[in-house]
Each structure stands twice: as C-alpha cells, then as structure tokens.
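First comes the structure, then the notes that go with it.
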Amino acid sequence: MMLGLSLIVAIGAQNAFVLKQGILKQHVFWICLFCACSDAVLIGLGVFGFAPLLAKFPTFIILMKYFGVLFLFAYGLLAFKRAYDGGQHLQLEQDGECQSLKQAIALCFAFTWLNPHVYLDTVVLMGSVSSHYQNKIAFASGAMLASFLFFFSLGYLARFLRPLFTKANAWRVLDSVIGIMMWWIAFSLLRS
C-alpha cells in the first residue's frame, strides 16, 4: 500500500485532471472511480505477469511514449492558452458550462491509458517489486486500495479549494502550473 501511494502521489497529468474536476465538482465520483479502477487493472496486470510480456514487446512502450508526449504537449498548450486568455472563474451559485460525463471520461482515459509513466509505475515497477513477495494477492490488494484512497481523497477534498477559484487569477495560476507540468512530463518522456 505504501509503495502504491508513493507512486500515485507524484503530481502528474491524471492527478491534475482529478484535482480540477474536484474543484469544479464535475463528475467527481465517476472520474475517481475510473482512475482507481484503471490503476487496479494495471496493478493486477503487473503483479500477475504482464511485465514480462512488455519486456518482449518494447516497441509498444516506444509508441506509447511518443503518443503520450504529443498528447501532453497539446494539453499543456491548451492550458497555457486558457491561462493567457484568462476570464475563467467559478460562479458558486451556477457553474455555467459543464463538461459532459462522456467528455470527462474520454479525457481521463487519455490521461490514464496513454501515459507511459502509468505503465512503468503500475505494470513494470509493481510487477517487479511483487516478485519479492510470497502473497501476491495481498501485495496487489494493498496497492489497489492505495489507488482508491488517493483518488477519492484528491477528488473530494479538492472542493475545499473551491472558494479560492472564484477568482480568475487563481485559474490562471492553476492553468499555468498544469501547462508547465504537462510540458515537463512530455520533455522528461522524450529524454528517457
């Protein structure tokens, strides 16, 4: 469980998206559930034997890497554009335009399943570490529980930041930070 938490807590594209959805109070339960279940599937694949298959097909990881870099760069560019344009703020009585659940899940799918870091952390690293444990079911269960605890905590505790985000400057700062993170992750993927 501690290993799972240590890998998840690092701020990345997926976590930034969950945080933003939590602040906006848009589809929080479904986004958190999707992220936690996706992690559980990937952890299960890693712990119960998928890591050796990835080692046999390194081309898949390379393709995912470059597709992930393009996606992260584009999303970072959009975040910078929102920060530059400004004018975004929450109206606490009425949230204005709401992203559909289908759109939110599609974005969440991209942040989760097109991110090579997710595969390295959950499938390869968790799979490798689990080989040192006799009880793989207990190991996988602890890591999966960490995912559920983290994502639901992040999504639902983000609402406490909501009053701060009634100001347009707070959104500019958040979008700038998200843009920087996306480009930093994309750059680090290119270098790895």
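When a residue number appears, it is its place in the shown sequence, counting from 1. Everything numeric here is computed off the predicted structure, so don't read it as measured data.
To the nearest 0.5 Å, the span separating CZ on F109 from CZ on F34 amounts to 6.0 Å. A distance of 11.0 Å separates CH2 of W113 from SG of C108, quoted to the nearest 0.5 Å. Atom-to-atom distance recorded for M144:CE and D39:CG is 9.5 Å, nearest 0.5 angstrom. To the nearest 0.5 Å, atoms CG (L145) and CZ (F150) are separated by 14.0 Å. To the nearest 0.5 angstrom, F17 atom CZ is 11.5 Å from L154 atom CG.
In the hydrophobic clustering of this structure, V177 groups with L107; members are Ile, Leu, Val, Met, Phe, Trp, Tyr whose side-chain heavy atoms approach within less than 4.5 Å, directly or through other members. When hydrophobic clusters are built by joining Ile, Leu, Val, Met, Phe, Trp and Tyr residues whose side-chain heavy atoms come closer than 4.5 Å, directly or via intermediates, I180 is not grouped with Y84. Linking ILVMFWY residues whenever their side-chain heavy atoms come closer than 4.5 Å, directly or via other members, leaves L70 and F187 in distinct clusters. W183 and L78 end up in different hydrophobic clusters when Ile, Leu, Val, Met, Phe, Trp and Tyr side chains are linked at under 4.5 Å.
Looking at residues two or more places apart in sequence or on another chain, you find a side-chain contact (heavy atoms from CB on, under 4.5 Å) between L164 and A170. The side-chain hydrogen bond (donor to acceptor under 3.5 Å, both in side chains) search around S141 returns none, not counting sequence neighbours. Partners of K81 under the side-chain contact (heavy atoms from CB on, under 4.5 Å) rule, at least two apart in sequence or in another chain, are D85. Under the side-chain contact (heavy atoms from CB on, under 4.5 Å) criterion, L157 pairs with S153, F160, sequence neighbours left out. For L33, the side-chain contact (heavy atoms from CB on, under 4.5 Å) partners at least two apart in sequence or on another chain are F29, W30, C37, F148, F152.
Within 6.0 Å of CD1 in I137 there are 12 or fewer heavy atoms belonging to other residues, nucleotides or ligands.
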Checking L190 against Y66 for the side-chain contact (heavy atoms from CB on, under 4.5 Å) test, could you report, in this order, the C-alpha distance in whole Å, the side-chain angles of both residues, the deciding distance, and whether it holds?
CA-CA 8 Å; L190 279 175; Y66 288 112; 3.7 Å; yes
Could you go through the side-chain contact (heavy atoms from CB on, under 4.5 Å) check for Q99 and Q21 one step at a time?
CA-CA 10 Å; Q99 187 177 51; Q21 292 299 116; 3.3 Å; yes
Stepwise side-chain contact (heavy atoms from CB on, under 4.5 Å) test for S147 and C35:
CA-CA 8 Å; S147 287; C35 290; over 6 Å; no
Yes or no on side-chain contact (heavy atoms from CB on, under 4.5 Å) for N15 and F111, after CA distance, side-chain angles and deciding distance?
CA-CA 9 Å; N15 295 351; F111 284 128; over 6 Å; no
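When all heavy atoms of S100 and H27 are compared, the pair lying nearest together is C-NE2, 3.4 Å. In terms of heavy atoms, K20 sits closest to D175 at NZ-OD1, 3.5 Å. For the pair T112 and S38, the tightest heavy-atom approach, listed with the atom from each and the gap, is CG2-CB, 3.5 Å.
With a 4.5 Å cut-off on side-chain heavy atoms, I31 and F151 do not count as touching.
In this structure, R159 contributes its side chain and I23 its backbone to no donor-acceptor pair below 3.5 Å.
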